[in-house]
Amino acid sequence: MIVDLPSTTTSQVNKKMVELRESGGAVALGRVLTLVIVTDDSSETEQAIQAANEASREHPARVIVVAKGVRQAAARLDAQIRIGGDAGASEVVVLRVHGELAEEGAASVVPLLLPDAPVVAWWPNDSPEYPAEDPVGALAHRRITDAAAEPDPIDALGARARSYVNGDTDLAWSRLTSWRALLAAALDQPPFEPIRGATVSGEADSPSTDLLAGWLASSLDIPVHRKVSQAGPGIVSAVLERPSGNVEVVRPDGRIGYLTQPGQPDRRVALERRAVRDCLAEELRRLGPDEIYESTLRGLSEVVRQDSEESTEGSEPVSAGQQS
């Protein structure tokens, strides 16, 4: 069910939601958190709502969407309430704010927050430079950004490193989960030798490639090179150097990876690029600080960037925010 409330107020929205629960039996008692989505009012708004609906099947939530409209228009709040089949396992409130209200998203959100439930803020596209200092971010226990959706993903990743506080995370980080699990599992098998170095290759504007390199640098305390590759989308390969032979994971097509390691047959592994809904669902499982992500951001400064897969000269450590 979808109910439109043009030119309304948050108190009228709350009243209407109570009426809908009493008349239709839709209740919020099972909601485990409030997810606040902050975005511009565009076609991408529906994509974010759909991802939240899918993630809500694992994490039932009240989803509040702050869709910022035309700033030069008269101040107006247009609301839409979605429940039942139009909201997944959630109840969705879309607040389209125009004029001066477009910069006052937090004021519109506060009256609609679930009592005694954690708040998660998500910016699907352009995010503030300091999410924790944003008015909506200041309300949240967890703040989710997506560097890959920014105009300059590598600069955005550098901004994440500079502005990090406990509770911050990025979907570029959760896109690495399968890679991290595969590499960790490979190192749990004999021979148990020290790793002498690593090389990670991927697209020039892939923040996940940078984060994978930073994770290896911080976790293993080894020199890590980050190379640019045109062979495939996102992360293309990761090579761990060992005395008896390298451990290599190569994913040329963005779907199937190939694991090669000494003394074992080559393996094909599923490494399909993860959808936003899956990454969002993973991030909603954690409401506390992510210490590994924090140390990975610090590890970015230890990574050596190379301009191409062939070039090894003139390499410099990657400083947070350095353009790729």
| field | Test side chain to side chain donor-acceptor pair (under 3.5 Å) applied to Gln47 - qualifying residues, sequence neighbours left out | value | none
| request: Starting at CG of Asn53, measure out to CZ of Arg82 and round the result to the nearest 0.5 Å. | output: 7.5 Å
| Could you give the distance from OG (Ser201) to CZ (Arg226), rounded to the nearest 0.5 Å? | 8.0 Å
| task | Would you give the length of the straight line joining atom CD1 of Ile144 to atom CG of Leu35, rounded to the nearest 0.5 angstrom? | result | 6.5 Å
| So, are Arg143 and Asp134 salt-bridged, with charged N and O less than 4.0 Å apart? | no
| query | Salt bridge between Asp41 and Arg96, side-chain N to carboxylate O under 4.0 Å? | reply | yes
| task | Apply side chain to side chain contact (heavy atoms under 4.5 Å, CB included) to Ala275 and list each qualifying residue two or more places apart in sequence or on a separate chain. | result | Arg277, Asp278
| message | So, taking the atom named CD in Gln264 and the one named CG in Asp266, what distance separates them when rounded to the nearest 0.5 Å? | response | 10.0 Å
| task | With sequence neighbours left out, write down each residue that passes side chain to side chain donor-acceptor pair (under 3.5 Å) with Gln261, or none if nothing qualifies. | result | none
| query | Who pairs with Pro223 by side chain to side chain contact (heavy atoms under 4.5 Å, CB included), at least two apart in sequence or on another chain? | reply | none
| Which residues satisfy the side chain to side chain donor-acceptor pair (under 3.5 Å) test with Thr296, sequence neighbours excluded? | none
| query | So, are Glu54 and Arg57 salt-bridged, with charged N and O less than 4.0 Å apart? | reply | yes
Please list, one pair per line, the donor and acceptor atoms closer than 3.5 Å that link side chains of residues 250-259 to other protein atoms, with sequence neighbours excluded.
{"from": "Arg251", "atom 1": "NE", "to": "Ile235", "atom 2": "O", "distance (Å)": "3.3"}
{"from": "Arg251", "atom 1": "NH1", "to": "Leu271", "atom 2": "O", "distance (Å)": "2.8"}
{"from": "Arg251", "atom 1": "NH2", "to": "Ile235", "atom 2": "O", "distance (Å)": "3.0"}
{"from": "Asp253", "atom 1": "OD1", "to": "Arg255", "atom 2": "N", "distance (Å)": "2.9"}
{"from": "Asp253", "atom 1": "OD1", "to": "Ile256", "atom 2": "N", "distance (Å)": "3.0"}

| query | Nearest heavy-atom pair of Leu297 and Ala161: which atoms, and what distance? | reply | CD1-CA, 4.1 Å
| said: If the threshold is 4.0 Å, N to carboxylate O, is there a salt bridge linking Arg62 and Glu91? | reply: yes
| said: Under the rule for side chain to side chain contact (heavy atoms under 4.5 Å, CB included), what residues qualify as partners of Lys15, not counting sequence neighbours? | reply: Glu19
| task | Determine which pairs satisfy side chain to side chain donor-acceptor pair (under 3.5 Å) with at least one residue from residues 103-123, sequence neighbours left out, and list them in order. | result | Arg71-Glu103
| remark: For residues 173-185, the salt bridge (charged side-chain N to carboxylate O under 4.0 Å, His left out) pairs (sequence neighbours left out) are Asp146-Arg175
| said: Suppose we screen for side chain to side chain donor-acceptor pair (under 3.5 Å). Which residues come up paired with Glu100, at least two apart in sequence or across chains? | reply: none
| Between Asp155 and Arg162, which heavy-atom pair has the shortest distance, and what is it? | O-NH2, 4.5 Å
| What pairs with Ala73 under side chain to side chain contact (heavy atoms under 4.5 Å, CB included), at least two apart in sequence or on another chain? | Val70, His98
| field | Pairing residues for Tyr293 by the ring-ring contact (aromatic ring centres under 6.0 Å, His included) criterion, not counting sequence neighbours | value | Tyr164, Trp173
| remark: Output for pair (Leu187 CG, Leu220 CG), nearest 0.5 Å, gives 6.5 Å
